[in-house]
Engineer: 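I'd like to ask some things about the structure below.
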Amino acid sequence: MSSRRTETGGRIDRLRTIRFTFDGAPYTGHAGDTLASALLASGVTLFGRSFKYHRPRGLLAAGVEEPNALVTVLRGDVREPNIPATMVEIYDGLVAVSQNRSPSLAWDISALNQLGGKVLSAGFYYKTFMGPVIGPLKGTRFWMFCEHFIRRAAGLGRAGTAPDTSRYERMNAFCDVLVVGSGPAGLMAAKAAADQGARVILAELEARFGGSANWSGETIDDAPAADWAGRLVGQLEGNDNVRLLPRTTVWGYYDGNTLAALERVTDHKEVAARGEPRQRYWAIRAGTVVLATGSFERPLVFPGNDRPGVMLAHAAERYANEYAVLPGERTVVFTNNDSAYRSAVALKKAGAAVVAIVDVRSDVSSEMSRLASEADAELLAGHAVVATEGGKALTGLKVQRFDLTSGALSGDERSIHADCLAMSGGWSPTIHLASQAGARAEWDPGRQAFLPPQPTQRWIGAGAFTGSFSTAEAIAEGRAAGLQAAGGTASLAPLPVVEAVPGDPDPAPVFEIKAKGKSFVDFQHDVTAEDVRLAHREGFVSVEHLKRYTTLGMATDQGKSSNVPGLAIMAEALGKPIPEVGTTRFRPPYTAVSIGSLAAERFGDLKPERLTPMHDWHIENGATMYSAGLWYRPMIYGLAGETVEQAYVREAKATRESAGIVDVSTLGKIAVQGPDAAEFLDRVYTNMFSTLAVGKARYGLMLREDGLAFDDGTTWRLGEQDFLMTTTTANAGKVMQHLEYFLDVIWPELKVTVTSVTDEWAGAAIGGPKARAILAACVKGTAVDNAALPFMGIVHGEIASVPVMICRLSFSGEMAFEVYSGAGYGTRVWEALIEAGKPFGLVTYGLEALGTMRIEKGHVTGAEIDGRTTARDLHLDWMLSKKKPFIGSAMMDREGLIASDRLQLVGLVSLDNRPFNGGAHVVEELDEANPHGSIGHITACCYSPALGKYIALALVKGGKARHGTRAFVSDPLRNRFGPIEIVSNHFYDPDGSRMHG
Amino acid sequence: MVERQSPLEPAYHPGSHGNFEHGVDVILSETRPGSILQLAAWPGEEKRLIDAIRKVTGLALPDGAGGGVSNGGRAAFGFAPGKFTVVDEAEGLASAFAGVITPDIGTVTDLSHGRTAIRIAGPKAEWVMAKFFAIDFALPAFPLGAGRSTNHHDVFAQIQRSGADQFDIYVFRSFARSFWKALCHASEEVGYEVH
Amino acid sequence: MAEYSAFSLLKNALSGNKDWKPAWRKPDPKASYDVIVIGGGGHGLSTAYYLAKEHGITNVAVLEKGWLGSGNVGRNTTAVRSNYLLPSNTRFYEHSMKLWENLSHDLNYNVMFSQRGCLNLAHTPAQLDDYARRGNAMRHLGVDAELMNVSEIKRLVPALDVSGSARFPVLGGLMQRRAGSARHDAVAWGYARGADRRGVDIIENCEVTGFLRDGDRITGVSTTRGEIRAKKVALAVAGSTGRVMQLAGIEKMPIESHVLQAFVSESLKPIIDTILTFGMGHFYISQSDKGGLVYGGDLDGYNSYAQRGSLPIVDEVMSEMLALFPGLARVRMLRSWGGLCDMTMDGSPIITTGPLPGMYLNCGWCYGGFKATPASGWCFAWTIAKDEPHEFNAPFTLDRFYRGLIIDDKGQGATPRLH
Amino acid sequence: MLITCPYCGPRDVIEFTYQGDGNRERPQPVSQDLDAWNAYVYDRLNPAGDHNEIWQHSGGCRAHLRVVRNTVTHEILSTAFARGGHKSAGHRTEGKP
Ligand SMILES: Cc1cc2nc3c(=O)[nH]c(=O)nc-3n(C[C@H](O)[C@H](O)[C@H](O)COP(=O)(O)OP(=O)(O)OC[C@H]3O[C@@H](n4cnc5c(N)ncnc54)[C@H](O)[C@@H]3O)c2cc1C
Ligand SMILES: NC(=O)c1ccc[n+]([C@@H]2O[C@H](COP(=O)([O-])OP(=O)(O)OC[C@H]3O[C@@H](n4cnc5c(N)ncnc54)[C@H](O)[C@@H]3O)[C@@H](O)[C@H]2O)c1
Ligand SMILES: Cc1cc2nc3c(=O)[nH]c(=O)nc-3n(C[C@H](O)[C@H](O)[C@H](O)COP(=O)(O)O)c2cc1C
Ligand SMILES: [Zn+2]
């Protein structure tokens with residue numbers, strides 16, 4: 001393959017040679033090259049295969065809109081699929097491979113799909129593969145059989161599974177003015193805003209600022225446009241108020257002028273510096289946004305327009321001017337507007353032969369004729385390209401006379417030998433960001449393009465984005481926009497003098513040349529003009545139907561170049577003007593963004609860990625931890641060789657026989673303070689708290705407004721106006737919000753503060769027959785005997801010189817105490833208790849033993865208060881005060897909530913002495929083969945050391961009436977069936993003699 | 001008094017880390033104040049509460065939402081309507097307020113154990129903070145002494161600007177270690193030192 | 001009826017695909033109908049289809065304010081399953097599943113229903129118990145369900161991180177093998193074509209702007225294309241229920257309209273061959289036939305009629321995605337969009353006669369009504385035709401909230417954003 | 001979306017928890033009027049347009065706000081403390097975006 005690199009020119013650094021590979025073959029390029037330009041310079045023209053027909057494809061574009069040249073970039077085992085070669089900056093060691101081809105890019109077996117041609121037209125799948133109506137392949141089977149192959153054939157790149165070790169980061173930014181796009185308009189806007197002293201961010205998706213100035217070949221203030229741009233960038237760099245973000249694509253315009261941008265920080269580097277993220281996700285809250293995002297050139301639709309070698313005119317120009325690469329030696333330009341004449345001249349200047357300019361318009365202005373001769377090109381006005389020739393690369397094309405008004409072709413076909421066809425179908429402003437926010441774009445019949453909608457948020461447009469396609473206009477608009485965005489009145493920056501190639505910005509309204517052969521509209525998805533017409537015939541005429549029926553615009557390029565031609569063809573089929581057809585909805589992201597960047601700092605760190613003060617102690621002392629929400633809690637403290645069941649049975653047994661201690665720091669704790677605290681609690685809890693004496697605690701139950709059970713816990717009265725409420729671990733946040741809502745919104749007259757003090761207190765619950773003796777051995781400053789510390793009493797004292805608060809209450813059913821200390825002292829107090837407990841056989845126990853003991857006692861937790869149960873269902877109706885209203889009281893007696901067949905809490909005993917499983921169901925009649933007739937389910941189960949049986953808590957229909965009856969556990973998921981007895985949920989010590997002591 | 005255990009301990013590694021060869025741009029530390037209080041005034045009683053803060057601590061809070069002051073040993077700032085955080089190097093501040101904030105003014109809640117104070121200082125402090133919180137850290141938007149309450153996903157934080165390039169972050173103790181690790185991780189890019 | 005088949009495809013291909021006819025006609029509205037169905041989404045269309053097919057009621061119009069399928073049927077993540085906890089839901093969705101299993105044949109339209117299974121991942125023992133409870137509930141109603149262990153899961157979805165070192169390690173999962181996904185647009189188009197062939201008028205770009213009444217009784221609608229009378233007026237407008245009910249003078253409903261976003265990645269070679277949900281958050285994912293990963297998460301959390309989402313949920317969803325699939329960090333999100341979900345106070349739907357005479361109401365699908373499309377239309381058609389609910393939709397009344405007969409699969413109470 | 005908390009200033013929606021329709025009126029605690037309770041707990045105004053709603057600044061000052069927001073454009077027309085009060089000591093009481 002021959003080198004297409006020009007001798008001079010371009011903005012590449014010829015002194016720096018970079019080595020990389022593509023499909024395993026080594027190549028070189030220069031700093032400043034993209035993968036596309038470097039390969040093109042090396043003579044590569046075949047870059048990819050299309051989605052459906054696997055047709056050979058070359059470069060269409062030079063920027064983000066590239067639909068054909070998608071590659072996978074490899075970093076070791078880490079794959080990055082579907083990246084346009086035009087957006088990959090080369091670096092030493094870059095490894096890129098082509099996609100969607102087998103065995104190789106040049107010889108792709110699936111290209112046979114093309115033979116399916118007309119059968120594989122739009123809507124093909126909906127009409128077939130239903131399979132036989134009867135027999136083994138009926139139903140979904142036949143389709144699934146076919147689908148298996150279809151799925152394998154579909155898809156572009158292959159995603160990797162190797163972990164990506166890169167880091168991704170988020171930045172929150174605030175500015176007065178965000179300028180998106182750094183072409184002449186954007187640069188000038190940034191400068192004007194910065195001159196006013198505004199905080200400015202300038203984001204440009206390309207590596208280099210300047211936009212079209214980098215390749216337009218125009219002159220600004222007597223210098224090449226690129227130099228002018230460079231000067232401006234230099235001035236902006238020196239301004240403290242300005243943040244310049246190159247390689248940063250603003251991809252989303254969200255409510256509240258919040259914009260999302262992706263900065264590719266190290267994608268162009270061989271290695272990242274320490275701690276440097278691969279990509280940075282900028283969430284930018286902007287006062288005002290200047291949208292200076294430029295425009296896209298559109299392809300023309302004609303037979304063979306997808307052959308490698310056919311590309312957009314400005315792309316050809318850009319390869320020549322910016323990258324010093326000639327896309328072809330013999331070039332033909334095909335256009336419906338003036339802009340391509342400039343491209344022709346540029347290509348000529350760069351050293352290509354411009355054989356002809358084919359213009360669909362018959363009357364071409366004298367200026368354009370002059371440009372044609374300047375390019376040394378034959379001007380074929382009133383002509384159109386009707387076919388292209390060649391295999392995997394363009395070798396020639398055919399032109400015919402074309403009538404602009406009728407679209408008719410006439411005369412003989414003439415063949416022209418060419419290896420590059422530079423086409424221009426006019427320009428579409430890049431209105432994506434403006435449209436994302438919701439407003440509809442407006443069709444401009446002069447520009448033959450959708451122009452930006454009226455702003456729905458605070459943005460101002462400038463430059464080609466607004467349809468102002470000349471550089472002088474772009475600069476003037478940019479300055480005005482920057483000034484206005486910064487709230488200034490007089491600009492400091494003078495307007496430069498632009499010398500540009502002249503041209504009429506309005507194209508002829510020609511989108512398609514109708515001739516024989518496949519004419520592509522959506523290149524990546526192989527949607528042809530015929531597909532659009534088929535959609536029309538079948539009634540899929542709305543643009544949104546057109547899109548979904550043909551998949552036009554649904555590929556990785558999101559139809560950046562193809563949408564307008566596609567809907568123009570539909571408009572013609574309908575005989576309607578384009579504005580009545582409309583355009584499909586623009587959605588974020590503007591260009592695809594990596595999922596890693598969106599997860600940003602949470603990649604690999606989804607949720608923080610919540611640790612109790614004694615966490616490290618538990619780990620050091622052999623606890624197996626259990627994750628409960630964000631918390632970690634000891635599950636068991638297993639001894640060597642113990643199973644989980646052996647461990648919790650040992651722990652529970654020891655607790656009931658002597659004493660056990662458990663970390664309860666995760667319980668939600670809320671300080672409820674103020675003169676109205678007691679009144680507030682009376683309203684919030686179903687039972688009474690205003691009658692609670694200072695120094696005492698009470699078990700409380702809360703309902704939701706709708707009358708269902710919400711949460712339970714003990715609340716301690718520490719002072720007349722000072723309560724400490726505890727909640728379940730899982731509901732702590734919810735209860736807090738519930739209380740705050742009522743205080744703020746419903747009862748603002750109550751003087752109460754609620755504060756989360758969960759983290760203030762370390763809590764240890766110590767229970768068992770020896771618990772009091774252990775406390776007595778280590779607590780100073782207070783007695784803990786029955787008189788000083790009766791059931792539900794609270795005392796203050798010291799353990800290990802640390803102030804503690806002790807409340808005598810019990811979850812385990814034993815004589816038990818909760819010892820609270822400042823969290824910073826938690827481990828110290830915990831260790832002191834354990835030390836004191838040694839002579840008494842104190843064990844540490846975890847959640848499993850805790851659960852076991854609560855099941856034995858029949859206490860409820862979140863498994864039973866599951867948002868569907870009432871106080872009555874759980875036999876907590878004794879807590880429903882009749883003396884006062886409370887949250888939920890008005891709603892709790894509705895018919896559905898008091899029905900007799902509701903699920904009610906019961907106990908179950910295994911009669912076959914085999915363990916239960918959580919989530920098993922209960923049935924009256926066992927039918928293992930065909931389980932049915934569930935009357936309830938198990939919420940919690942364990943082996944009960946106290947009873948010597950496998951037991952469970954369950955919610956069973958009309959459960960209370962079933963005490964003493966037999967039934968079966970039915971657990972088809974785990975194939976466990978067997979007889980049970982339904983009993984009261986209070987298995988153990990039902991009259992509470994143990995805890996009352 | 002007995003020394004308190006820091007929740008950061010096993011993750012607290014004094015020294016230079018990350019990209020420090022190219023300069024240390026932030027310094028991270030745990031400040032371990034003895035007292036962290038939350039004071040809340042009933043609506044209409046804010047002025048009396050602010051007076052009380054001045055009386056007890058000598059800190060004169062500027063008027064306005066989120067206003068605050070910090071003088072090294074002591075700091076105070078508003079973080080919510082009628083609510084203030086008051087911090088003292090020394091323990092025992094709660095008892096100093098006990099008689100002063102009477103029930104007709106508001107409430108005092110001692111959070112000395114429940115919150116962990118982390119300080120970030122240095123030229124890149126704003127940059128690193130911006131990685132976590134969606135609030136504007138630029139000096140004009142977040143003046144010296146001012147307080148803000150905000151969150152980083154599940155981690156709730158109160159932040160006070162205690163210097164031109166210094167912030168004190170108060171997080172729930174149980175989350176502190178996770179947050180600290182994340183903060184260190186995010187600081188690697190700019191090079192950091194733990195004091 | 002022009003049959004779709006491999007043969008007809010070939011025949012048409014040979015004639016240059018010139019002979020295909022519109023999938024449905026574009027009639028102008030008549031002055032009156034027996035039944036007007038408001039809403040050309042999945043449910044409205046399937047209602048019309050089953051009215052014609054099952055009850056012989058063909059003088060029916062479906063009125064759609066935009067293009068057919070422009071609502072949630074055209075923007076959902078296509079998960080079809082019947083793995084509910086509460087029997088009222090399970091029975092109804094299982095009926096739907098059975099209709100799905102024969103839908104392509106029934107419609108002579110390939111809706112690409114593909115039963116690749118739905119796997120709910122569990123990350124704590126308590127969650128496994130919860131799933132077991134649900135799976136067993138399903139099994140006791142004759143619905144397929146099984147528990148999968150970690151190694152089975154790894155084999156099914158090799159890209160999933162089951163290393164155990166994850167913040168929320170995978171401990172197992174609840175699998176419904178018969179669950180799957182369908183080509184959402186094709187469902188709307190297939191029902192439209194089926195209804196049209198049976199005489200139903202499908203009228204697009206026809207927005208209902210008011211109700212015609214005779215006293216309390218609804219006797220028709222006014223629309224952007226004129227007044228249309230009907231003996232019965234049936235609403236199936238999903239996310240727009242609040243809006244349309246207000247036109248009928250009913251200001252308040254037990255419904256809030258919320259935005260839900262969804263996402264699709266660039267097209268990839270097959271990597272996820274089932275539908276997967278994350279147990280410690282709100283994430284679910286599958287892969288389309290075209291190769292895009294289709295995924296979503298939680299509601300944005302506030303009332304909206306904008307079909308447009310907010311940024312924090314985007315981040316949230318992607319973070320959860322990578323918690324399961326750390327290898328996909330370099331895969332790129334191609335497009336995101338939003339739909340309007342009619343969230344009820346218990347998360348379950350409403351299919352009922354009334355609340356006004358002459359009116360029939362189908363709504364409250366939250367973010368789970370795509371899977372209901374066949375059964376919803378089937379039951380609604382029954383209810384409209386017979387003026388009483390079928391036993392499958394009998395529990396889905398409007399007054400169940402007030403009577404405390406809530407069907408709350410998630411146990412969240414009257415906070416719609418949490419369902 | 002940015003919500004301007006009267007105390008904290010404009011903050012990202014991520015810091016807020018939606019608490020729904022702000023037009024609902026809770027019956028008197030002693031009320032036995034089940035219809036009124038049902039309406040309060042279950043019925044919602046759900047307009048396409050300006051909506052009076054309650055948000056909690058749960059990731060900030062934790063105050064509840066009364067926000068008027070357009071449900072079609074997501075534009076926020078006004079915010080104020082739901083609770084009222086706190087008008088002194090320099091606290092802004094109303095935020096405009
Ligand atoms: C992002 C997202 C993901 C989802 N994922 C799933 C999923 O995986 N599985 C699942 O089962 N469900 C899912 N759902 C839910 C499912 O899409 C919906 O519940 C279901 O589609 C609603 O029924 P429908 O199809 O009839 O609604 P729609 O398609 O919304 O139909 C209602 C129609 O009524 C029309 N209409 C409204 N007002 C008027 C009027 N005044 N006059 C005339 N016409 C009117 C609308 O334009 C619309 O076309 C998801 C939803 C969303 C938004
Ligand atoms: N008919 C014509 O002759 C014609 C047509 C169109 C454009 N033009 C030329 O276009 C220029 C107009 O200048 P301009 O500044 O308006 O446009 P421009 O094309 O020079 O610059 C736009 C810049 O915005 C960047 N950009 C686009 N979307 C972005 C995003 N989401 N995030 C970040 N960056 C983004 C692009 O990469 C580009 O650099 C003139 O020089 C004119 O000659 C001419
Ligand atoms: C299951 C499914 C798969 C989709 N796949 C793609 C896709 O491959 N490419 C694409 O551009 N959009 C895809 N979309 C999104 C649609 O383009 C569109 O955004 C969505 O239907 C909502 O419509 P709207 O954006 O026009 O409002 C998909 C949508 C769904 C529901
Ligand atoms: Zn606030």
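Each chain gets a letter, A, B and so on, in the order the sequences are listed, and its residues count up from 1.
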Engineer: Who wins among A:Arg828, A:Arg199, A:Met171, A:Glu760 for the most heavy-atom pairs under 4.5 Å with chain B?
Structural biologist: A:Glu760
Engineer: Of all heavy-atom pairs between B:Ser174 and A:Arg610, which one has the smallest distance, and what is that distance?
Structural biologist: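 Closest pair (atom of B:Ser174, atom of A:Arg610, distance): OG-NE, 2.8 Å.
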Engineer: Among residues at least two apart in sequence or on other chains, which ones pass ring-ring contact (aromatic ring centres under 6.0 Å, His included) with B:Tyr192?
Structural biologist: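 For B:Tyr192 the ring-ring contact (aromatic ring centres under 6.0 Å, His included) partners, ignoring immediate neighbours, are B:His17.
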Engineer: I need the minimum non-hydrogen distance between B:Phe133 and A:Asn172, along with the two atoms involved.
Structural biologist: O-ND2, 3.1 Å
Engineer: Go through the atoms of A:Gln721 and report whether side chain, backbone, both or neither lie under 4.5 Å from a heavy atom of chain B.
Structural biologist: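 Looking at A:Gln721, just its side chain touches chain B.
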Engineer: If I measure from the heavy atoms of chain B, does A:Ser756 come under 4.5 Å with its side chain, its backbone, both, or neither?
Structural biologist: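 When you check distances to chain B, atoms from both the backbone and side chain of A:Ser756 fall under 4.5 Å.
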Engineer: Using a 4.5 angstrom heavy-atom cutoff, name the option from B:Ala40, B:Ala182, B:Ser112 with the most pairs to chain A.
Structural biologist: B:Ser112
Engineer: Run the salt bridge (Lys or Arg N to Asp or Glu O under 4.0 Å) test on A:Asp759 and B:Arg115 for me, step by step, so that the C-alpha distance in whole Å, both residues' side-chain angles and the decisive distance to 0.1 Å come before the verdict.
Structural biologist: CA-CA 7 Å; A:Asp759 291 32; B:Arg115 306 290 180 263; 5.3 Å; no
Engineer: What part of A:Trp761 lies closer than 4.5 angstrom to a heavy atom of chain B: side chain, backbone, both or neither?
Structural biologist: neither
Engineer: In chain order, what residues pass the ring-ring contact (aromatic ring centres under 6.0 Å, His included) check against A:Phe603, with sequence neighbours excluded?
Structural biologist: A:Tyr168
Engineer: Heavy-atom distance under 4.5 Å to chain A: side chain of B:Pro7, backbone, both or neither?
Structural biologist: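 It is neither, since no heavy atom gets under 4.5 Å.
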Engineer: What residues of residues 276-283 of chain A sit under 4.5 Å from chain B when you count only heavy atoms?
Structural biologist: A:Glu276, A:Pro277, A:Arg280, A:Trp282
Engineer: Identify, with sequence neighbours excluded, every residue that meets side chain to side chain donor-acceptor pair (under 3.5 Å) alongside B:Thr116.
Structural biologist: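 Expected list: none.
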Engineer: How far apart are the closest heavy atoms of B:Val155 and A:Pro608, and which atoms are they?
Structural biologist: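 Heavy-atom minimum between the residues: CG2-CG, 3.9 Å.
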Engineer: So, for B:Asn19 and A:Ala273, which heavy atoms are closest and what is the spacing to 0.1 Å?
Structural biologist: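 Answer, listing the atom of B:Asn19 first, then A:Ala273: ND2-CB, 4.4 Å.
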Engineer: Can you tell me which portion of B:His22 sits under 4.5 Å from chain A's heavy atoms? Options are side chain, backbone, both or neither.
Structural biologist: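 Answer is neither: B:His22 stays 4.5 Å or more from chain A.
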Engineer: Given that the side chain runs from C-beta out, which part of B:Val128 has a heavy atom under 4.5 Å from chain A: side chain, backbone, both or neither?
Structural biologist: neither
Engineer: As a quick check of understanding, evaluate salt bridge (Lys or Arg N to Asp or Glu O under 4.0 Å) for A:Asp616 and B:Arg177, giving each step before the final call.
Structural biologist: CA-CA 12 Å; A:Asp616 297 332; B:Arg177 193 183 295 172; 2.6 Å; yes
Engineer: For each of A:Glu601, A:Lys751, A:Arg170, A:Glu609, tally heavy-atom pairs with chain B at distances under 4.5 Å, and name the one with the top tally.
Structural biologist: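 With the most close heavy-atom pairs to chain B, the winner is A:Lys751.
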Engineer: Let's test your reading of the structure: which of A:Thr666, A:Leu630, A:Asp605, A:Asp722 forms the most heavy-atom pairs below 4.5 Å with chain B?
Structural biologist: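 The candidate making the most pairs under 4.5 Å is A:Leu630.
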Engineer: Do you know the tightest heavy-atom contact between A:Tyr825 and B:Glu91?
Structural biologist: OH-OE1, 3.8 Å
Engineer: Which bit of A:Ala800 is near chain B, if near means a heavy-atom gap under 4.5 Å: side chain, backbone, both or neither?
Structural biologist: backbone
Engineer: Please report the closest heavy-atom contact between B:Pro103 and A:Pro675, naming both atoms and the distance.
Structural biologist: O-CG, 4.0 Å
